[in-house]
Amino acid sequence: MGHLDHAALGWLTPALSYAMACTGAALGLRCTVRALAATGRTRRNWLLTAASAIGTGIWTMHFVAMLGFRVGGTDIRYDVPLTLVSLLVAVLVVCAGVFAVGYGRNRVRALLFGGLTTGLGVASMHYLGMAAMRLHGEVRYDPVRVGLSVLIAVAAASAALWAALNTESPLAVTLASLIMGAAVSSMHYTGMFAVSVRVTPSGETLPGATAMQFIFPLAVGLGSYLFLTSAFVALSPTAGGPGASAPARPNQPTGTTAP
């Protein structure tokens, strides 16, 4: 078995990945809160922003953490198309979850569907990202730890969506995002501790791109998107400010924007 190092760069990658997860969660929750206080296209746009923020935050968290992953006896490469598919899956499935909460008339049913959908999407993104990994050897998974990681993902997603429905103050959103960031990070490392690798030494060149060639630039780009979008959200009018829409709860019919 190859020796696995989950923090080859020390605490840099775990800390930075946690920060990215928290940033994506905070932005996504804040946008969801804005969406629930809006109607029509404004609500849709806020929900789309929330989905992109949470999805890219989770994806960036995963691959920033993977920058510190090493396997003794083999190099690691990543299949570029499959890695991009994992990003697309993350955003699309999270989008389904937040739209279920944003437009669901029954709050409990919306939370159950949204939490399950989003959690399974997070887990799918993680294991698609792992499937994109290329190395000299065979990757195996402990099914119990894999199942635990999926449960953590569903619980984290459900808690985040619950927080979006029940918290409005910036402080509450910040606390909820810190908790969600910890849950997402826990899901990632639980999934990683389910991994074992049987290395087969080989002199052949691995297909794909190295983490620094592909994942690092993409993660930097997505991280910049999160921070710039956070600034936009912070500077945009609140629900009670000028130009804001009238409040509308997700379990009530939406109407037209109040004058």
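In what follows, every heavy atom counts, from backbone to side chain, and hydrogens, waters and symmetry copies are set aside.
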Trainee: Any donor-acceptor pair under 3.5 Å linking the side-chain atoms of W59 with those of S86?
Mentor: yes
Trainee: At what distance, to the nearest 0.5 angstrom, does CG of L148 lie from CE of M187?
Mentor: 10.0 Å
Trainee: Are T49 and R44 close enough that some pair of their side-chain heavy atoms sits under 4.5 Å apart?
Mentor: no
Trainee: Under a 4.5 Å cut-off applied to non-hydrogen side-chain atoms, are L87 and L222 in contact?
Mentor: yes
Trainee: How about F69 and M192: do any of their side-chain heavy atoms sit closer than 4.5 Å?
Mentor: yes
Trainee: Could you report the tightest heavy-atom contact between L67 and L9, atom names first, then the distance?
Mentor: O-CD1, 4.0 Å
Trainee: Would a single hydrophobic cluster contain both V91 and L48, if residues Ile, Leu, Val, Met, Phe, Trp and Tyr are joined by side-chain heavy-atom contacts under 4.5 Å?
Mentor: yes
Trainee: Taking salt bridge (charged side-chain N to carboxylate O under 4.0 Å, His left out) as the definition, give me every residue that meets it alongside R134, ordered by chain and number, with sequence neighbours left out.
Mentor: D79
Trainee: With heavy-atom distances below 4.5 Å as the criterion, would you say the side chains of L135 and D75 are in contact?
Mentor: no
Trainee: Would you say Y189 and S17 make side-chain contact, with heavy atoms under 4.5 Å?
Mentor: yes
Trainee: Table please: side-chain donor-acceptor pairs of residues 207-216 below 3.5 Å, with sequence neighbours left out.
Mentor:
{"from": "T210", "atom 1": "OG1", "to": "Q213", "atom 2": "N", "distance (Å)": "3.1"}
{"from": "T210", "atom 1": "OG1", "to": "Q213", "atom 2": "OE1", "distance (Å)": "3.3"}
{"from": "Q213", "atom 1": "OE1", "to": "T210", "atom 2": "N", "distance (Å)": "3.0"}

Trainee: Would you compute the distance between atom CG of L128 and atom CE of M125 and round it to the nearest 0.5 angstrom?
Mentor: 9.0 Å
Trainee: If you define the side chain from C-beta out and look only at heavy atoms, does anything of V101 sit under 4.5 Å from V98?
Mentor: no
Trainee: Hey, what do you get for OG1 (T13) to NE2 (H6), rounding to the nearest 0.5 Å?
Mentor: 11.0 Å
Trainee: To the nearest 0.5 Å, what is the distance between CD1 on I76 and CG on L206?
Mentor: 9.5 Å
